[in-house]
Amino acid sequence: MKNQGRNGEWLFASLCTGPDVSVAAVVNPALDDQHGWDHILEVTPRHNKVLPADLQTHVISCFIQIKTTRGKRPETKVKLSNALKAAKSPLPSFVFLFHYNDVKTPVLYGKHIWKSEIHDYLKRARQSGDAPLNKTMVTVAFTAADRLSSNPVDWILAVLATCGGDGYTLEKRNYVDSVGYEGETHTGNLELGPLDSHTDVVMHEIGLLPDLPVTSFKLFDTRFGIKASAPVQDFTDGRVSFIQKGRPVTVKLRSCIGDEIELPGLAWAPSTIPFEHPDFKVRVKSGHIDIVATPGIIDRPQPTQLNIHCNLQEVRPFIEQAGLLALTNWSSFGPVSASVEVAQGQLFSATINLNAALKPWARDAWVCAKYFINIFGYDRCKTTNIALLDFDDLIRDYFALASLQESNFIRFEGKFDDAMAEFTKLVGYSYGQLGNCTFGVIHEFKAVSQSQEGENFKLIMTKPEIVQKFVFERPLAQSVDHIKRDFKSYLALQTSPVATFDNGDLCEWSRSYNSRGEINLILHDP
C-alpha cells in the first residue's frame with residue numbers, strides 16, 4: 001500500500017504538470033509535513049497580456065493531501081489534527097483520492113475543505129475536549145459529484161473562483177471565526193453577594209442599580225452549544241452588571257376629566273424571581289416619565305414610585321415632550337391614571353399624584369402641544385424631535401391659534417362700516433416648523449350665527465376643523481408656498497360665501513392680533 005501511495009503522488013504530479021495542463025503548476029513536498037499535508041501546490045494563473053507584471057494575478061498556494069484506496073467506496077480517513085489544520089489554515093486545502101477498485105486505471109476524486117467540512121471539523125475538535133486530536137480519525141467521503149473529469153489544476157482554479165476569488169482568505173477566516181457561534185457564544189457561572197435581600201438584584205435588573213457584588217465568576221467560551229473545559233475569565237471578587245433590553249409598551253395617561261394621551265415606552269421586569277414574589281417590581285420608562293410599580297390586580301393599583309427627569313435643552317421625540325406637558329397640566333386638577341399595555345393586554349395600572357403647582361407656561365405649552373399633535377398625528381410625533389426650550393419659541397407664535405381648539409364655540413365681535421353679508425364658514429390656513437418637519441393646514445370654522453346692529457357685528461363659530469394638511473421634511477419656504485397654492489385652489493372650489501381674516505393667513509392674523517388687536521374680515525362670494 002505504501003508503494004501504491006507513492007504511485008498516486010507521482011500520478012497526481014504528472015496530471016498537474018503534463019502537456020494537457022492549461023496553467024503552470026508545481027507540486028512541491030510540504031515544508032512541514034508533520035501534520036500530514038504531503039504537498040504544497042503552487043499554481044500560476046494564465047498570463048494576462050494587457051496587465052503589467054506587477055498587476056498580474058499572484059501565485060496561488062494550496063495544501064494538498066493525496067490518498068489512494070482499493071476499498072469498495074471512495075473514501076479515506078485523516079487525523080482530526082490534520083483536518084483541523086486544513087479548516088483553520090488561511091490557505092486553500094484539498095484532499096485528492098485515487099480509487100482503484102480492481103481496475104487498472106484509477107478514478108481521481110477531489111474534495112475542497114470548505115464550509116461544510118470546516119463546520120464538522122471544528123465541531124469535532126470542540127467535542128473532543130482535552131483528548132489528543134491525532135488519536136481521532138475523521139472520514140473524508142467522496143461522491144460522484146467529486147469525480148474529476150478535467151485536470152486538477154483547472155478544477156482548483158474553478159473552485160476557488162466560486163469561494164471568494166481574490167478574497168478567499170478573508171471569507172474563509174470570517175467563516176472559521178463565526179461558525180458555531182450563531183446561538184450562545186459564552187456561558188457563565190457567578191455567585192452574587194453579599195446581598196441583604198432580593199431587592200438589590202431586582203433594582204439592578206430593571207436598570208436602577210448600576211452593578212452588583214460578585215464573589216465568584218467564571219465565563220466559558222461556548223461553540224456549537226458546547227462549553228469549553230477551561231474558562232476564559234475567572235475571578236473571585238468584583239462587581240458585575242447585566243444589560244437587559246426593555247420591552248416596548250404603550251403608556252396611556254388619562255386625566256380625571258377623561259383626556260388621554262398615548263406614549264411609547266419601554267418596560268423592564270426581573271427574571272430572577274417569580275411574579276408572585278413580594279420584591280417583584282416592574283419599571284416603565286416613557287420619555288421624562290419613569291415609573292416603578294408592584295403590579296397588583298387590575299383596578300386595584302399598588303403603590304407606585306414616580307421619577308421625572310427633565311432637561312429643557314435635551315432633544316427628544318415630540319410625543320415624549322407632550323407627555324410631560326400633559327402630565328404636568330392634568331395633575332394640577334386631580335390624579336392622573338397610567339395604564340401600561342402591550343399587544344396582548346394591560347400589564348398594570350397606576351395612579352399618579354404630582355401635587356405640584358402648575359406654572360403658567362406649562363398650560364400654554366400643553367395647549368400648543370395638542371395643536372401640533374392634531375396636525376402631525378401620533379406616529380409622526382414619535383419621530384419628530386425637538387427640545388422643550390425650542391418649543392417655547394413656538395408657543396408665542398401659535399398659542400392664539402391653538403387656543404381656538406379649546407372652546408366648543410368661538411365668539412367674535414367687531415365694528416364694520418358696511419353691513420356684512422351672510423356666509424357659511426370662516427376659513428384660513430396655517431403653517432410652521434416643528435423639529436425638522438414643516439407643515440401646512442387649512443382650517444374651517446362653521447358659522448353658527450351672525451348678526452349686525454349698526455356697526456356692531458357678532459359672529460359665533462364652531463372650533464376649527466382641519467380639512468386639509470401636509471407634513472414634510474423640507475424648508476419652511478417651500479411649505480408656505482405650497483399651502484398658499486392649496487388654499488387658493490380650495491377657495492375656488494367653494495359653492496357658497498365664505499369669509500377669511502385678511503387673506504386667510506391665520507399665522508399672520510395671530511401675529512397682528514397680538515400686536516395691534518385689529519383684524520380684517522373679508523368675504524369671498526363664489
How far does [atom1] of [X] sit from [atom2] of [Y], to the nearest 0.5 angstrom?
| X | Y | atom1 | atom2 | value |
| --- | --- | --- | --- | --- |
| Lys88 | Ile113 | NZ | CD1 | 15.5 Å |
| Gln346 | Glu341 | CD | CD | 5.5 Å |
| Ile373 | Cys368 | CD1 | SG | 11.5 Å |
| Lys111 | Glu117 | NZ | CD | 5.0 Å |
| Glu191 | Ser216 | CD | OG | 5.0 Å |

Practice task
Output, in order, the C-alpha distance, side-chain angles, deciding distance and verdict of salt bridge (charged side-chain N to carboxylate O under 4.0 Å, His left out) for Lys115 and Glu171.
Solution key: CA-CA 10 Å; Lys115 292 184 177 179; Glu171 183 167 346; 3.4 Å; yes

According to the interplanar angle, ranging from 0 to 90°, do the rings of [X] and [Y] count as parallel (below 30°), tilted (30 to 60°) or perpendicular (above 60°)?
| X | Y | answer |
| --- | --- | --- |
| Trp366 | Trp330 | perpendicular |
| Tyr371 | Phe439 | perpendicular |
| Phe372 | Phe376 | perpendicular |

Handout entry: Thr438-Arg474 side chain donor-acceptor pair, cut-off 3.5 Å
Key = no

Practice task
Scan side-chain atoms only and decide if Glu75 and Thr139 contain a donor-acceptor pair under the 3.5 Å cut-off.
Solution key: no

Practice task
Quick one: closest heavy-atom pair of Thr222 and Thr187, and the distance?
Solution key: OG1-OG1, 2.7 Å

Exercise for the section: Examine Tyr490 together with Tyr429 and report whether their ring centres are nearer than 6.0 Å. Expected result: no

Would you mind writing out the side-chain donor-acceptor pairs for residues 235-244 within the sub-3.5 Å range, not counting sequence neighbours?
unit_1 : atom_1 : unit_2 : atom_2 : d
Arg239 : NE     : Asp211 : OD1    : 2.7
Arg239 : NH2    : Asp211 : OD1    : 3.1
Gln244 : NE2    : Glu205 : O      : 3.1

Handout entry: Sequence-distant partners of His198, side chain to side chain contact (heavy atoms under 4.5 Å, CB included), two or more places apart
Key = Ile273, His277, Asp279

